[in-house]
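A quick write-up on the structure given underneath.
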Amino acid sequence: MRLLLISNSTNPGEPYLDYPKENIRIFLGKKPVRTVFIPYAAVTFSYDDYELKVRDRFREIGHDIISIHHYTNPVSAVQNASAIVVGGGNTWALLRLLRENRLIDAVRRKVIKGTPYVGWSAGSNVACPTIRTTNDMPITEPSSFRAFSLIPFQINPHFLDANPAGHAGETREQRIEEFIEVNPDLWVAGLREGTMFLIEEDKIRLIGPRKARIFKKNHTPLELGENDDFGFLLK
């Protein structure tokens with residue numbers, strides 16, 4: 001498998017999808033690729049608008065996209081895709097439509113056979129076994145929390161170390177601690193903004209200027225960077 005799982009699309013003060021565009025370009029290769037884009041996480045804007053925004057950035061780096069909402073048969077679109085790109089937004093809305101369109105198994109089979117997969121934010125969440133480490137409000141109810149299960153661990157994208165000033169609710173770490181208390185066998189990777197995981201075959205590495213924070217029940221949280229070994233997450 002080849003996966004590029006990005007924490008967030010955009011860093012503060014930068015154009016949309018600007019910081020990871022070179023990583024996406026390298027990941028997809030020198031030959032132009034027209035990818036199938038899955039925009040189902042969009043809620044407050046249209047799929048057409050989402051497609052246009054992502055297409056502009058992909059064309060900048062020599063690639064292209066076509067959104068899956070143009071196809072009458074989404075499963076066939078995935079089966080014939082050269083690469084699959086899943087955008088961010090609301091993870092619950094994304095998963096519900098993935099399941100309703102029977103794309104969970106279709107995408108999983110396609111990616112396991114070697115088709116490149118790029119996701120950011122919600123698109124990274126659905127690469128996990130479930131979406132239970134998303135930060136998003138459950139605005140809709142998918143038939144199951146089960147996602148693509150392309151990796152055996154959970155990702156918490158947009159991971160924050162502390163609450164904003166004046167906020168007295170739980171920290172992100174406290175919420176993840178609740179998750180691992182109930183799910184003691186699962187690793188959770190807190191993926192800070194500006195970073196991503198590159199997974200190729202049985203190798204995984206972190207890309208970006210910030211470390212990832214790794215959690216599991218009865219383990220002291222780990223702070224691991226670009227030069228550290230993340231291989232244990234794939235076991």
By the definition salt bridge (Lys or Arg N to Asp or Glu O under 4.0 Å), identify the one residue from K53, R55, K21 that meets it with E60.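 Of the listed options, the one satisfying the test is K21.
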Between the CD atom in E181 and the NZ atom in K217, the distance rounded to the nearest 0.5 Å is 3.5 Å
Quick one: do the [X] and [Y] side chains pair a donor with an acceptor below 3.5 Å?
X: H69; Y: E51; value: no
X: D136; Y: T134; value: yes
X: R99; Y: S143; value: yes
X: N8; Y: Y19; value: yes

Closest non-hydrogen atom pair, [X] against [Y]:
X: D49; Y: S46; result: N-OG, 2.9 Å
X: I131; Y: W92; result: CD1-CE3, 3.7 Å
X: N101; Y: Y40; result: ND2-OH, 3.5 Å

Is [X] salt-bridged to [Y], going by a charged N under 4.0 Å from an acidic O?
X: E178; Y: R175; value: no
X: R2; Y: E200; value: yes
X: E226; Y: R205; value: no

Donor-acceptor contacts under 3.5 Å from residues 148-161 side chains, at least two apart:
{"residue": "Q154", "atom": "OE1", "partner": "T130", "partner atom": "N", "Å": "3.0"}
{"residue": "Q154", "atom": "OE1", "partner": "T130", "partner atom": "OG1", "Å": "3.4"}
{"residue": "Q154", "atom": "NE2", "partner": "T130", "partner atom": "O", "Å": "2.9"}
{"residue": "Q154", "atom": "NE2", "partner": "T133", "partner atom": "OG1", "Å": "2.9"}
{"residue": "N156", "atom": "OD1", "partner": "R172", "partner atom": "NH1", "Å": "3.4"}
{"residue": "N156", "atom": "ND2", "partner": "T133", "partner atom": "O", "Å": "2.9"}
{"residue": "N156", "atom": "ND2", "partner": "N135", "partner atom": "OD1", "Å": "2.8"}
{"residue": "H158", "atom": "ND1", "partner": "E193", "partner atom": "OE2", "Å": "2.7"}
{"residue": "H158", "atom": "NE2", "partner": "S121", "partner atom": "OG", "Å": "2.7"}
{"residue": "D161", "atom": "OD1", "partner": "R192", "partner atom": "NH2", "Å": "2.5"}
{"residue": "D161", "atom": "OD2", "partner": "R192", "partner atom": "NE", "Å": "3.0"}

With sequence neighbours excluded, tell me which residues meet ring-ring contact (aromatic ring centres under 6.0 Å, His included) with Y50.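 Partners of Y50 by the ring-ring contact (aromatic ring centres under 6.0 Å, His included) criterion, ordered by chain and then number, come out as F37, F45.
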